[in-house]
Amino acid sequence: AQSVTQLDSQVPVFEEAPVELRCNYSSSVSVYLFWYVQYPNQGLQLLLKYLSGSTLVESINGFEAEFNKSQTSFHLRKPSVHISDTAEYFCAVSVGTGNQFYFGTGTSLTVIP
Amino acid sequence: EAQVTQNPRYLITVTGKKLTVTCSQNMNHEYMSWYRQDPGLGLRQIYYSMNVEVTDKGDVPEGYKVSRKEKRNFPLILESPSPNQTSLYFCATRVTGYIGYGYTFGSGTRLTVV
């Protein structure tokens, strides 16, 4: 079975500092990769995704993630975080026809004023 | 507006008392799924449905039932809830056949079983 590893369960960072949230997956076959964000007391929202093509994908609010096939990683980065970025972030992987998604355990990002 | 609606948002119940959490979507998605979210464990899939009358077990199906009689509805049934089913539950839907759209999630149901 597929596994998704988010090594950091909690990441505190000061406002306007850069941040990287790490995600590694186990499959060596074709995968689709996603980052979801969960704000307090809300459901998950799609932040960005990699399906094919350019290995660097971006979201509308300044996050980006890079697909690295050799390292089986899809780390999420933002050069300067804002208070409003405080949330739980989940990496997810789907393989092949994608009947199932596999989620990581989540990383809680706390932005400190 | 495209949405997935779960009810109730919050529920406290006692052990053994049957309950149903409803999920309804207005996007005509074939695929619907239930997840539970627990601290340190992330999201784990309970059941999913590829279409009407087609359901299958996810990773943690024990203690749960589902039905898919209509395309828009996918209720989660706990016949005899136990305290270890205290969790945050999410319904999620997506288009079958093209993974690129990803999931649309409901707002969640926080269940406490005492």
Side-chain angles (χ1 to χ4, degrees), chain A residues 1-10 21-27 29-54 57 59 65 67 74 87-108, chain B residues 1-10 21 23-25 27 29-51 54-61 87-110:
Chain A
Q2 180 65 232
S3 71
V4 181
T5 303
Q6 291 183 247
L7 288 170
D8 306 303
S9 60
Q10 296 185 16
L21 308 183
R22 296 179 291 171
C23 173
N24 289 88
Y25 60 94
S26 62
S27 176
V29 298
S30 297
V31 295
Y32 302 101
L33 298 159
F34 303 80
W35 275 99
Y36 283 83
V37 58
Q38 183 182 28
Y39 298 106
N41 298 314
Q42 295 186 26
L44 280 74
Q45 304 171 30
L46 182 64
L47 184 61
L48 48 74
K49 61 188 177 186
Y50 170 79
L51 306 179
S52 64
S54 173
V57 291
S59 72
F67 169 55
F74 191 55
E88 188 94 15
Y89 292 81
F90 291 93
C91 182
V93 175
S94 187
V95 179
T97 56
N99 284 340
Q100 288 184 292
F101 272 55
Y102 300 91
F103 285 90
T105 53
T107 297
S108 178
Chain B
E1 179 190 351
Q3 59 185 359
V4 179
T5 303
Q6 290 179 233
N7 281 297
R9 289 293 306 275
Y10 301 91
V21 183
C23 174
S24 180
Q25 52 107 353
M27 295 167 285
H29 285 173
E30 299 90 354
Y31 187 102
M32 299 185 74
S33 180
W34 278 102
Y35 286 89
R36 60 178 289 174
Q37 181 181 2
D38 301 288
L41 298 177
L43 280 83
R44 294 178 293 169
Q45 191 175 48
I46 303 170
Y47 269 95
Y48 64 95
S49 169
M50 298 285 287
N51 213 326
V54 180
T55 63
D56 209 345
K57 296 177 181 179
D59 299 317
V60 288
S87 186
L88 179 58
Y89 292 86
F90 287 103
C91 179
T93 78
R94 65 173 174 82
V95 175
T96 301
Y98 179 55
I99 198 65
Y101 293 124
Y103 273 124
T104 300
F105 282 84
S107 298
T109 296
R110 186 167 293 281

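Each chain gets a letter, A, B and so on, in the order the sequences are listed, and its residues count up from 1.
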>> Is A:Q6 in contact with chain B via its backbone, its side chain, both, or neither, using a 4.5 Å heavy-atom distance?
In response: neither
>> Check for me whether the distance between the ring centres of B:Y35 and A:F103 falls short of 6.0 Å.
In response: yes
> Do A:Y36 side-chain atoms and B:Y103 backbone N/O form a donor-acceptor pair below 3.5 Å?
Replying inline: yes
>> Atom CZ of residue position B:R110 - does it have more than 12 heavy atoms of other residues, nucleotides or ligands inside 6.0 Å?
In response: no
> Any idea which of B:V4, B:L43, B:D38, B:L41 has the most non-hydrogen atom pairs under 4.5 angstrom with chain A?
Replying inline: B:L43
>> The criterion is side-chain hydrogen bond (donor to acceptor under 3.5 Å, both in side chains); which residues satisfy it with B:S24, sequence neighbours excluded?
In response: B:R72, B:N73
> Shortest non-hydrogen contact from B:R9 to A:N41?
Replying inline: NH2-O, 3.3 Å
> Of the backbone (N, CA, C, O) and the side chain (C-beta and beyond), which part of B:Q37 lies under 4.5 Å from a heavy atom of chain A, both, or neither?
Replying inline: side chain
>> Please enumerate all residues that pass side-chain hydrogen bond (donor to acceptor under 3.5 Å, both in side chains) together with A:D8, with sequence neighbours excluded.
In response: A:R22
